[in-house]
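Proteins come first, then strands; the chains are lettered A, B, ... in the order of their sequence lines, and each starts at number 1. Given the structure is predicted, the values throughout are model-derived calculations rather than measurements.
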Number of protein chains: 2
Amino acid sequence: MINIIIADDHRIFIDGVKSLLDSQPDMKVVAIALNGNELLQVMKGTKADVILMDINMPELNGINATALIKKQYPETKVLVLSMYKTKEFSTALLHAGASGYLLKNTGLNELVNAIKMVHEGKKLLDDQLSTIKEKPRDESEKYTLSKRETEIIKLLAQGLTAPEIGEKIFISHYTVETHRKNLLNKLQLKNTAELIKYAAHLGLLDE
Amino acid sequence: MINIIIADDHRIFIDGVKSLLDSQPDMKVVAIALNGNELLQVMKGTKADVILMDINMPELNGINATALIKKQYPETKVLVLSMYKTKEFSTALLHAGASGYLLKNTGLNELVNAIKMVHEGKKLLDDQLSTIKEKPRDESEKYTLSKRETEIIKLLAQGLTAPEIGEKIFISHYTVETHRKNLLNKLQLKNTAELIKYAAHLGLLDE
DNA sequence: AAACAAATACCCCAAAAAGGGTATTGGTAA
DNA sequence: TTACCAATACCCTTTTTGGGGTATTTGTTT
């Protein structure tokens with residue numbers, strides 16, 4: 001019996017997937033969480049073998065949540081679901097300790113197989129990502145965003161300019177621009193448009 | 001008995017929601033479609049009372065698809081689902097003829113109620129959008145994007161600059177900038193960041 | 001053929017972003 | 001206390017974007 005927690009901010013999705021998985025003979029959804037923080041709370045009282053983690057959640061995003069969970073519960077497997085086929089995330093997630101990464105456009109059979117595979121300790125990448133070239137990378141590199149970085153990326157994603165952001169949160173526009181540059185470097189993105197896209201992936205739009 | 005078609009590019013979502021709705025005594029999912037074009041094909045052979053439409057689909061997005069469906073099947077009700085709480089969309093969707101707009105973070109009971117309400121002919125807005133001020137608007141205004149506009153927005157969303165896009169599709173960078181300005185005006189957005197966000201909502205990222 | 005919308009192209013100027021840095025201070029963990 | 005990271009702040013220059021237009025051509029529909 002594989003005990004599963006589903007973490008996703010889309011209630012309909014949770015209810016649907018729960019219904020599907022509970023009808024599998026060897027799987028049981030033991031808890032749900034609507035965001036990363038709630039997931040950490042839930043895990044204090046519930047043992048799970050596999051976390052089905054949406055990357056796209058408010059408050060604590062899937063990447064940061066995965067990193068925290070693997071630190072506190074190293075035996076628990078994290079299978080990440082995303083809408084997007086994006087190479088930045090597969091790398092970031094592998095570094096964070098996820099066991100697998102699957103697109104939401106896959107079907108139930110693949111999902112069930114994926115859960116079983118990561119439960120057995122296998123690493124799993126969605127087939128559609130299998131041709132991604134692994135970037136040469138310094139192991140100390142991190143993808144987790146600081147609080148300020150998260151705040152800045154959110155405000156940029158709202159369409160505010162650096163001067164507007166500086167005025168809003170009472171810092172110099174130079175500082176905002178420095179944060180933006182740091183974000184672009186850290187995440188290996190080439191401009192603000194890619195940064196907004198990344199924010200979309202992290203579920204930071206409309207916050 | 002309410003006959004329903006689900007249109008969404010996320011197979012897991014479809015399977016899950018289908019499972020949930022098929023267990024309702026007065027509802028039946030009679031078909032599914034993974035994108036707007038497939039939906040139009042499916043509807044040629046299948047009668048449905050309510051379309052459950054994800055706004056976020058490749059090829060033919062939810063707004064354009066809704067407009068086409070209401071023209072060809074005026075009796076069919078369209079209930080749109082989106083991840084995002086965005087005022088641009090509620091307005092665009094009402095103009096396109098949708099009967100309702102619901103966030104994916106609502107639960108099953110709300111979804112079931114919403115389907116029943118739109119089936120009865122009611123207009124439905126998600127509670128969370130109820131405070132949106134209706135913009136004074138010329139009725140002739142349109143939110144549907146031309147092919148070129150869609151192409152430009154996709155390329156911008158990939159992080160390409162206007163000069164890069166011009167070089168890529170063999171037009172002047174001036175033309176690209178004009179398209180961008182036209183898009184911003186048409187969609188009443190204030191800058192490229194908001195345009196990328198809009199592209200995210202339309203599912204145009206990573207295409 | 002006429003009308004209209006889409007596509008194309010350009011100009012001007014100001015503001016912002018990008019790309020290259022530099023540096024100091026504050027907060028936290030060891 | 002020390003070391004390290006995050007946050008803050010600034011400079012310079014070039015490129016791009018945004019905001020204001022202008023105009024012509026092409027394609028489609030009536």
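Between Asp8(A) and Lys104(A) there is a salt bridge, since at least one side-chain N of the basic residue sits less than 4.0 Å from a carboxylate O of the acidic one. Ionic pairing of Glu194(A) and Lys197(A) is not present here: no N-O contact between side-chain nitrogen and carboxylate oxygen is shorter than 4.0 angstrom.
Glu167(B) CD: 12 or fewer foreign heavy atoms inside a 6.0 Å radius. Heavy-atom contacts from other residues, nucleotides or ligands closer than 6.0 Å to NZ of Lys190(B) number more than 12.
Under the side chain to side chain donor-acceptor pair (under 3.5 Å) criterion, Glu164(B) pairs with Thr161(B), not counting sequence neighbours. Partners of Asp49(A) according to the side chain to side chain donor-acceptor pair (under 3.5 Å) rule, which considers only residues two or more places apart in sequence or in another chain, do not exist here. Applying the side chain to side chain donor-acceptor pair (under 3.5 Å) rule to Lys147(B) yields no partners; only residues at least two apart in sequence or on another chain are considered.
Over its full length, the helix from dA1(C)-dT30(D) to dA30(C)-dT1(D) turns its helical axis through 60°, comparing axes from the five pairs at each end and rounding to 10°.
The CD1-C1' distance, from Ile169(B) to dA7(C), rounds to 11 Å in whole Å. Rounded to whole Å, the distance from CZ on Arg148(B) to P on dG27(D) is 12 Å. Atom CD in Glu194(A) sits about 13 Å away from atom P in dT17(D), given to the nearest Å. Here dT8(D) presents its P atom at 16 Å from CD of Glu167(A), a figure rounded to the nearest Å. Rounded to whole Å, the distance from NZ on Lys147(B) to P on dT8(C) is 13 Å. In this structure, CG of Asn182(A) is placed 10 Å from P of dA6(D), rounded to the nearest angstrom.
Nucleic acid contact class of Ser146(B) (heavy atoms, under 4.0 Å, all strands): sugar-phosphate only. Here His173(B) lies out of heavy-atom contact (under 4.0 Å) with every strand.
Residue Tyr174(A) places no side-chain N or O under 4.0 Å from the OP1 or OP2 atom of dT8(D). The side chain of Ser172(B) contributes no N or O atom lying less than 4.0 Å from OP1 or OP2 of dT8(C). At the phosphate of dT8(D), OP1 or OP2 sits under 4.0 Å from a side-chain N or O atom of His179(A).
Residue pairs that meet the side-chain hydrogen bond (donor to acceptor under 3.5 Å, both in side chains) test with at least one member in residues 110-121 of chain B, sequence neighbours left out, are Glu120(B)-Lys122(B).
When each of Lys154(B), Arg180(B), Lys186(B) is checked for a salt bridge (charged side-chain N to carboxylate O under 4.0 Å, His left out) with Glu149(B), only Lys186(B) meets the rule.
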*Let me have a per-nucleotide readout for nucleotides 16-30 of chain C, 5' to 3', with B, S or -, counting only protein heavy atoms under 4.0 Å.*
SSSBBB---------

